[in-house]
Amino acid sequence: MIPQTPVERLGLGLAALGRPAYINVGRSDVLPAQRSAQAMRERTRAVLDAAYASGIRWVDTARSYGSAEQFLAEWLRERGHGDVAVSSKWGYAYVAQWRIETEVHEVKEHSLERLRTQWAETRTLLGDRVDLYQVHSLTASSPLFEDMALQHELARIRDAGVRLGFSTSGAAQGETIERAWEIEVGGRQLFSAVQSTWNSLEPSAGRALAEVHTGGWRVLVKETLANGRLAVDVPRELAEVADRHGVAPDAVAIAHVLHQPWADVVLLGPASVEQLAANLASCRVELTDRDVHALQTLARDAATYWGERAALPWR
């Protein structure tokens, strides 16, 4: 296998672009003054163009990311790029109706009906461009683990040639990954990919991710900047490493994820072309043992981390 360059391991996530509100810190200040659907469509197109020009060939979206699937589908048709891998997710429904101020932005349901509805919606927009279809935010207590009808419906998608995976969230990501590894339908593992949170503050899933990577699964890493906190509320140790390399802290935080040999696709979540450019500086950072040790000291208790994340406001 030809070794990949750092940029070839990067992907673009659309969570911060497909809807007017999201929890990422540092997002609101760089968005258009009026976050209309058209304004966000144009912003998404600009970031996609810049990402493609930089060499990024993976885009990750979800049914719950507002109009992200639609924006991506339009861009793919307009640009004609046949070499872009697409991953999407089902399980959450976007219910905010393009409002910023609302009590509920998305509703989660891992059911057979939700899968059938959202897979049909994704196929209508993206056709056969979906390379990876993921259960959105699977947890160890998800009904999917006991729902045989749902598992068999997923297997039908798998058997039609679409790779299946799931994303994880919460303090028990490792347990979820281990449980999902054991699911077999038709004599084969149901899943062959996982998308998990791993960053300098929350590395608890690292062992489980390394194990499934060794076992042949594709590993995607999300929330590499801890929803923007590592770029805005910069820990002293991170700032010192960034100063040594002459880059911004976000580049070092992403480089820390790229340093993990099991991380196949490292997702970026910029809300502007400028944020993307800053993120891409990570490809030039070669961390030393001293740097890695300093970054490892940033790790927090997983339950504390996820409690802080849950408190982030949608804005």
Side-chain angles (χ1 to χ4, degrees), residues 11-24 27 35 37 40 44 59-73 86-126 130-147 149-151 153-154 157 162-173 176-177 179-180 190-191 193-197 205 220-223 227-228 267 269 271 306 309-315:
L12 178 68
L14 299 184
L17 290 166
R19 51 195 168 184
Y22 191 48
I23 65 173
N24 278 8
R27 172 181 179 268
R35 301 179 211 171
M40 295 305 292
T44 302
V59 181
D60 183 74
T61 184
R63 287 303 304 147
S64 63
Y65 293 175
S67 297
E69 283 191 339
Q70 178 184 340
F71 295 165
L72 174 59
V86 173
S87 53
S88 192
K89 310 179 199 73
W90 71 276
Y92 273 98
Y94 178 68
V95 297
Q97 298 181 332
W98 213 260
R99 295 189 297 265
I100 296 175
E101 301 292 338
T102 186
E103 287 189 12
V104 180
H105 290 263
E106 54 189 17
V107 176
K108 181 179 179 180
E109 180 183 311
H110 289 165
S111 69
L112 179 59
E113 180 180 4
R114 176 65 60 86
L115 170 62
R116 286 174 171 166
T117 297
Q118 294 197 317
W119 177 236
E121 292 168 344
T122 295
R123 291 278 290 179
T124 296
L125 289 169
L126 290 165
V130 179
D131 298 278
L132 170 62
Y133 202 51
Q134 304 155 102
V135 184
H136 201 163
S137 195
L138 187 67
T139 64
S141 61
S142 170
L144 179 144
F145 287 104
E146 310 300 332
D147 191 334
L150 177 55
Q151 291 183 20
E153 187 72 12
L154 283 165
I157 297 173
V162 179
R163 181 192 288 259
L164 293 183
F166 57 94
S167 69
T168 64
S169 58
Q173 290 187 105
T176 302
I177 295 166
R179 285 201 69 187
L190 182 61
F191 300 115
V194 59
Q195 179 180 150
S196 293
T197 294
L220 291 77
V221 182
K222 63 184 174 74
E223 300 181 0
N227 297 104
L267 294 171
W306 288 99
R309 184 190 184 281
L312 294 173
W314 289 72
R315 55 192 174 189

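Note that the coordinates shown come from a computational prediction; the quantities given were computed from them, not determined experimentally.
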Please work out whether the ring planes of W119 and Y133 are parallel, tilted or perpendicular, with thresholds of 30° and 60°. tilted

Any idea which heavy atoms bring [X] and [Y] closest together, and the distance?
X	Y	result
W306	G170	NE1-O, 3.2 Å
S169	T139	O-CG2, 4.1 Å
G91	Q118	N-OE1, 2.7 Å
T102	A96	CG2-CB, 3.8 Å
S67	W98	OG-CZ3, 3.7 Å
G269	A16	O-CB, 3.8 Å

Could you state the interatomic distance from [atom1] ([X]) to [atom2] ([Y]), rounded to the nearest 0.5 Å?
X	Y	atom1	atom2	answer
L12	D60	CG	CG	9.0 Å
L267	K222	CG	NZ	9.5 Å
L150	S142	CG	OG	7.5 Å
Q134	L220	CD	CG	6.0 Å
E69	Y94	CD	OH	14.0 Å
T44	L17	OG1	CG	4.5 Å

Whether the side chain of [X] engages the backbone of [Y] through a donor-acceptor N/O pair (distance < 3.5 Å, no angle test) should be reported.
X	Y	result
T176	A140	yes
D131	S87	no
S167	S137	yes
R35	P20	yes
R315	R27	no

Testing K89, E106, R19, Q70 one by one against Y65 for a side-chain hydrogen bond (donor to acceptor under 3.5 Å, both in side chains), which residue passes? K89

Apply the test side chain to side chain contact (heavy atoms under 4.5 Å, CB included) to residues V130 and R123: give CA-CA distance (whole Å), side-chain angles for both, the deciding distance (0.1 Å), then the verdict. CA-CA 8 Å; V130 179; R123 291 278 290 179; 5.7 Å; no

Working for side chain to side chain contact (heavy atoms under 4.5 Å, CB included), residues L138 and F145: CA-CA 10 Å; L138 187 67; F145 287 104; 3.9 Å; yes

Could you walk me through whether L190 and F166 pass side chain to side chain contact (heavy atoms under 4.5 Å, CB included), step by step? CA-CA 10 Å; L190 182 61; F166 57 94; over 6 Å; no

Walk me through it: do T117 and W90 pass the test side chain to side chain contact (heavy atoms under 4.5 Å, CB included)? CA-CA 9 Å; T117 297; W90 71 276; over 6 Å; no

Sequence neighbours excluded, which residues qualify as salt bridge (charged side-chain N to carboxylate O under 4.0 Å, His left out) partners of E109? R114

Under the rule for salt bridge (charged side-chain N to carboxylate O under 4.0 Å, His left out), what residues qualify as partners of R179, not counting sequence neighbours? E146

